[in-house]
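Heads up, the thing below is written out as C-alpha cells.
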Amino acid sequence: MKTDDLKKAAAEAAITYIEPKLKLDSIVGVGTGSTTDHFIDALGSIRHKFDATVSSSEASTSRLEGVGVRVIDLNTAPGIFVYVDGADEVEPSNAVIKGGGGALTREKIIAAASDEFVCIVDDTKCVDQLGSFPLPVEVVPMARSFVARSLVKLGGDPIYRNGFITDNGNLILDVQGLNIDDPDSLEKAINNIAGVVTNGIFATNRPDTLLVASAERVFIR
Ligand code: 5RP
C-alpha cells in the first residue's frame, strides 16, 4: 500500500470518528499537510453536519473553501469541538513532532484551544523516540543567529529553511541531532529562548487521540 493511501485511510477514519459527535453548531479545527488535505476533502462531504472550521494555514483555508466549508477566525469561535491534524513523528506516549509544512505555530494554538486533538498518521510516522525528523522551530527573523547559537548549546544542529516564510512572517530553523528523551522539558526549554515563536514538539498539548493507518487496518491509541 502506498503511503498516500495510508494517509487517506487515516483521514477517512477521522471522519468516521468525529461524524457521530458533531452538532450543527460545532466548530472543527483543521491542520495542515498532505494527510490533512485528505481530511479536508472528506470533510466537504459532511459540511452540512457542523457549523464552520478554524484553519491552521492559508493553504488549508483555501482548500477548505474549495470544498465549500466555511472558515472563521479563531477569535470569533466560541470554542473548538475537535482539532484534526497530521504529524511528522509520534512516540509511544503520543508526544509528536509537527511543522514539516511550517504551520506549527497556528497548529499549536488551535490544538491548545480545542476540546480534543485528534492526530492522523500513517504507521511510518511511529517511532520509539522523537528526533530523527529534524525539529522545526519558528523564529522571529532578527533573532535567527542568536536562536541558532542557543539551539547548538542544547545539542542541536539548526539548518535554516531557505526561502521559506511562515504565514506569520517568520522563518524556520530545522534542528537535527537533538536528544528528545524528555519531550515536555525540551519543548519548554526551546520555547524559552528569546526570539522563538514556538517549536514543533507537541507534548504539553499532545494529541488526545491518535489514529494510525497501517496496511492491515487503522488503529486508535
Ligand atoms: C504541517 C504539519 C504536518 O501535519 C506534518 O508535517 C505532516 O505532514 P504530512 O501529512 O504531509 O505528512 O505539521 O506543519
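Below, all heavy atoms of this structure are taken into account, side chains as well, without hydrogens, waters or symmetry copies. Atoms within each ligand, like the ligands themselves, are counted from 1 in listed order. The first residue in the sequence is number 1, and the count goes up from there.
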- Item | Per-atom contacts of ligand 1 with G101, taking only distances under 4.0 Å to non-hydrogen atoms | 1 (C), 6 (O), 14 (O)
- Note on the structure: Here the atoms of ligand 1 under 4.0 Å from any heavy atom belonging to G102 are 14 (O)
- Give the residue, atom name and distance (to 0.1 Å) of the protein heavy atom nearest atom 1 (C) of ligand 1. E107 OE2, 3.1 Å
- Do E187 and R206 meet the salt-bridge criterion of a basic N to acidic O distance under 4.0 Å? no
- Message: Give me the residue, atom name and distance of the protein heavy atom closest to atom 6 (O) of ligand 1.
- Response: D88 OD1, 2.6 Å
- Query: What residue among I80, L43, V84, I40 forms side-chain contact (heavy atoms from CB on, under 4.5 Å) with T53?
  - Reply: L43
- Item | Interfacing atoms of ligand 1 (cut-off 4.0 Å, heavy-atom, D85) | 4 (O)
- Among all protein non-hydrogen atoms, which one is nearest to atom 3 (C) of ligand 1, and what is the separation to 0.1 Å? T32 O, 3.1 Å
- Between I201 and K108, what is the shortest heavy-atom contact and its length? O-NZ, 2.8 Å
- Message: Give the atom numbers and elements of ligand 1 that come within less than 4.0 Å of a heavy atom of G86.
- Response: 4 (O)
- atom 11 (O) of ligand 1: of S34, C119, G33, G99, the nearest heavy atom sits on S34
- Does the pair E138/R106 count as a salt bridge with the N-to-O cut at 4.0 Å? no
- Out of K98, R106, K7, whose heavy atom is nearest to atom 2 (C) of ligand 1? K98
- Message: Under 3.5 Å, is there a donor on one side chain and an acceptor on the other for D73 and N75?
- Response: yes
- Atom CG of D128 with >12 non-hydrogen neighbours under 6.0 angstrom: no
- Would you kindly specify which portion of A87 sits under 4.0 Å from ligand 1, judged on non-hydrogen atoms: side chain, backbone, both or neither? backbone
- Please could you name the atoms of ligand 1 that A103 approaches to less than 4.0 Å, counting only its heavy atoms? 14 (O)
- Query: What's the shortest distance from atom 10 (O) of ligand 1 to any protein heavy atom, and which residue and atom give it?
  - Reply: T35 OG1, 2.6 Å
- Query: Hey, is the main chain of G86 close enough, under 3.5 Å, to the side chain of K98 for a donor-acceptor pair?
  - Reply: yes
- Return yes if a side-chain donor-acceptor contact under 3.5 Å exists between S56 and T32, otherwise no. yes
